[in-house]
Protein chains: 2
Amino acid sequence: MPTIDATTDATEAAHDARTEARRRQLLAAAARLMAEHGSPNVSMQAVADGAGVSVGLIYRYFGGKQDLLQAVIVSVLESFATRVAEAIGDEPDPVRRIAAAFAGYCDVIHDEREAALLAYRETKSLDPEGRRVLMDLEVQTAQPLVAAVTDAVDAGLIRPVNVPVFAYQLLMTAHSWALKHWYFGTRIAHADFVAEHTALALSAVLRPETRNHYTDLLGTLA
Amino acid sequence: MPTIDATTDATEAAHDARTEARRRQLLAAAARLMAEHGSPNVSMQAVADGAGVSVGLIYRYFGGKQDLLQAVIVSVLESFATRVAEAIGDEPDPVRRIAAAFAGYCDVIHDEREAALLAYRETKSLDPEGRRVLMDLEVQTAQPLVAAVTDAVDAGLIRPVNVPVFAYQLLMTAHSWALKHWYFGTRIAHADFVAEHTALALSAVLRPETRNHYTDLLGTLA
DNA sequence: ACACTGAATGAATGCTCATTCACTTACGAC
DNA sequence: GTCGTAAGTGAATGAGCATTCATTCAGTGT
């Protein structure tokens with residue numbers, strides 16, 4: 001039995017776990033502060049204080065402020081992608097899968113409104129390489145929706161549309177809950193917002209002969 | 001004849017004109033630089049250089065950096081409002097007025113893409129009072145669209161919808177050309193983007209019996 | 001116990017930048 | 001021409017901040 005290897009493995013695992021925890025702790029503090037005040041208005045000292053740690057330590061985990069900001073945004077987008085994937089589940093009907101994916105996006109945005117805005121506000125100040133990563137991630141996140149729309153078109157359930165454009169329209173609608181919360185927030189409840197936009201989007205593309213299968217999704221537009 | 005008053009009036013007018021010109025010159029330089037690099041990355045020195053004046057002069061025209069930023073965003077939104085109002089013209093058919101207003105928004109956003117993004121990115125760093133002003137301006141800009149949708153509903157041309165939500169959906173779609181230009185820019189021409197979204201939005205809400213009046217706007221969804 | 005390794009600290013460094021102000025220049029009134 | 005007022009200048013000030021690094025601390029193997 002390789003006792004030595006086992007010990008080193010165990011300690012290494014413990015080490016990695018602690019490192020990961022620290023990293024997450026720093027990211028969480030940075031995300032909270034940057035979402036609230038904007039990255040340029042948050043000093044490294046403030047992040048350190050927020051995490052209950054000294055400034056110097058941040059530099060053991062991140063290359064610098066730029067790197068920290070990028071890591072914050074990446075972690076936000078990754079959590080979005082994960083949650084959206086979960087939300088869709090295994091709905092077989094492509095049209096209902098569109099609705100489920102859209103609702104998933106909307107709910108994630110609703111829960112992480114400030115974080116979503118952070119990504120919009122601060123992306124510009126990243127280096128080109130960092131921006132590319134974020135764009136890739138976002139396109140990834142949109143993939144389930146694109147797939148569902150493609151399936152619906154292929155199955156003849158909806159009229160032919162420009163798939164990437166239609167799918168991104170839905171994505172942007174979800175984002176708009178965060179971007180224009182000051183407007184929508186006082187005019188409509190989130191659940192109604194989701195229902196209304198689901199109905200609008202589907203009403204635009206459903207074929208007349210398939211509309212009556214989805215009256216539950218069309219609401220007053222049925 | 002009040003010669004003295006006339007002279008003072010004339011010189012005062014000339015004075016005001018020069019002051020206005022300077023102000024615009026400074027705003028233009030600031031807008032260009034801030035749109036490109038983001039307000040926090042643009043020093044007052046850089047704005048001064050960009051406008052070909054000295055730093056100190058900026059403080060004769062604006063209270064400080066914060067004030068300058070706010071003035072830049074306000075001027076951008078005001079130019080948007082003006083251009084949109086022009087674009088709509090006097091189309092009598094409410095449905096076609098919706099289409100015209102939407103196209104107007106889209107064109108303005110297309111022409112001033114960077115400026116539009118500036119408003120999104122930097123609003124957070126304004127004081128609450130400044131933000132309120134910007135929100136008012138944006139709602140003003142949306143008014144023609146809200147009015148057109150209201151008319152269309154009242155005239156029974158489209159199904160009843162949540163008017164402010166539907167109108168803002170269109171506004172956000174126009175904005176999304178700027179927000180996601182990295183995505184749409186390589187996938188669809190601007191004119192096609194406008195046509196596709198006009199068709200989608202109208203297809204969602206037009207009554208079956210009125211659809212055939214607007215086949216030109218519905219394109220492939222007719 | 002002891003030495004060793006890496007985690008953690010926080011004061012010191014050096015830079016950038018907004019803002020000020022003592023001074024200069026341009027210009028209209030007389 | 002010359003006086004007064006307003007426009008314009010740019011070096012100096014001082015605050016804030018990212019980043020570094022000499023030092024301390026804590027845990028682990030022997």
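In the text below, chain A, chain B and the rest are named by the order of the sequence lines, each starting its count at 1.
Taking the six-membered ring where tryptophan is involved, the planes of F102(B) and H197(B) are perpendicular, since the angle between them exceeds 60° and thus also 30°. Classification of the W177(A)-F184(A) ring pair by plane angle, with boundaries at 30° and 60°, yields parallel. Note: H175(B) and Y120(B) have perpendicular aromatic rings, judged against thresholds of 30 and 60 degrees for the angle between ring planes.
Atoms CG (L69(A)) and C1' (dA18(D)) sit 14 Å apart, rounded to a whole Å. Here dT16(C) presents its P atom at 16 Å from NZ of K65(A), a figure rounded to the nearest Å. If you measure from atom CE of M34(B) to atom C1' of dA18(C), you get 12 Å, rounded to the nearest angstrom. Taking atom CD on Q66(B) and atom P on dA18(C), their separation rounds to 12 Å, with Å as the unit. Atom NE2 in H37(B) sits roughly 16 Å away from atom C1' in dC17(C) (whole-Å rounding). In this structure, CD1 of I58(B) is placed 16 Å from P of dA7(D), rounded to the nearest angstrom. With rounding to whole Å, M44(B) atom CE is found 12 Å from dT20(C) atom C1'. A straight line from CD of Q45(B) to P of dT13(D) spans 17 Å, rounded to a whole angstrom.
In this structure, of dC17(C), dA7(D), dG10(D), it is dA7(D) that holds the atom nearest to the side chain of Y61(B).
Distance alone, capped at 3.5 Å, places no donor-acceptor pair between the R23(A) side chain and the R18(A) backbone.
Backbone-only contact: V42(A) has heavy atoms under 4.0 Å from sugar-phosphate atoms and none from a base.
The two atoms that bring A71(B) and F62(B) nearest to each other are CB-CE2, 3.6 Å, heavy atoms only. Pairing each heavy atom of S203(A) with each of A204(B), the nearest pair is OG-O, 2.6 Å.
F166(B) CZ to T150(B) OG1: the interatomic distance, rounded to the nearest 0.5 Å, is 11.0 Å. Taking CD1 of I88(A) as the reference point, atom CG of L145(A) lies at 7.5 Å (rounded to 0.5 Å).
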N/O to N/O distances under 3.5 Å, protein versus nucleotides 21-26 of chain D:
none

Pairs: protein N or O with nucleotides 12-15 of chain C N or O, under 3.5 Å:
none

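In this model, the phosphate group of dT9(C) is approached by a side-chain N or O of S54(A) to a distance below 4.0 Å at OP1 or OP2. R18(A) has no side-chain polar atom (N or O) that falls below the 4.0 Å cut-off from OP1 or OP2 of dG6(C).
Salt-bridge annotation for E114(A) and R32(A): absent, with no side-chain N of the basic residue lying under 4.0 Å from a carboxylate O of the acidic one.
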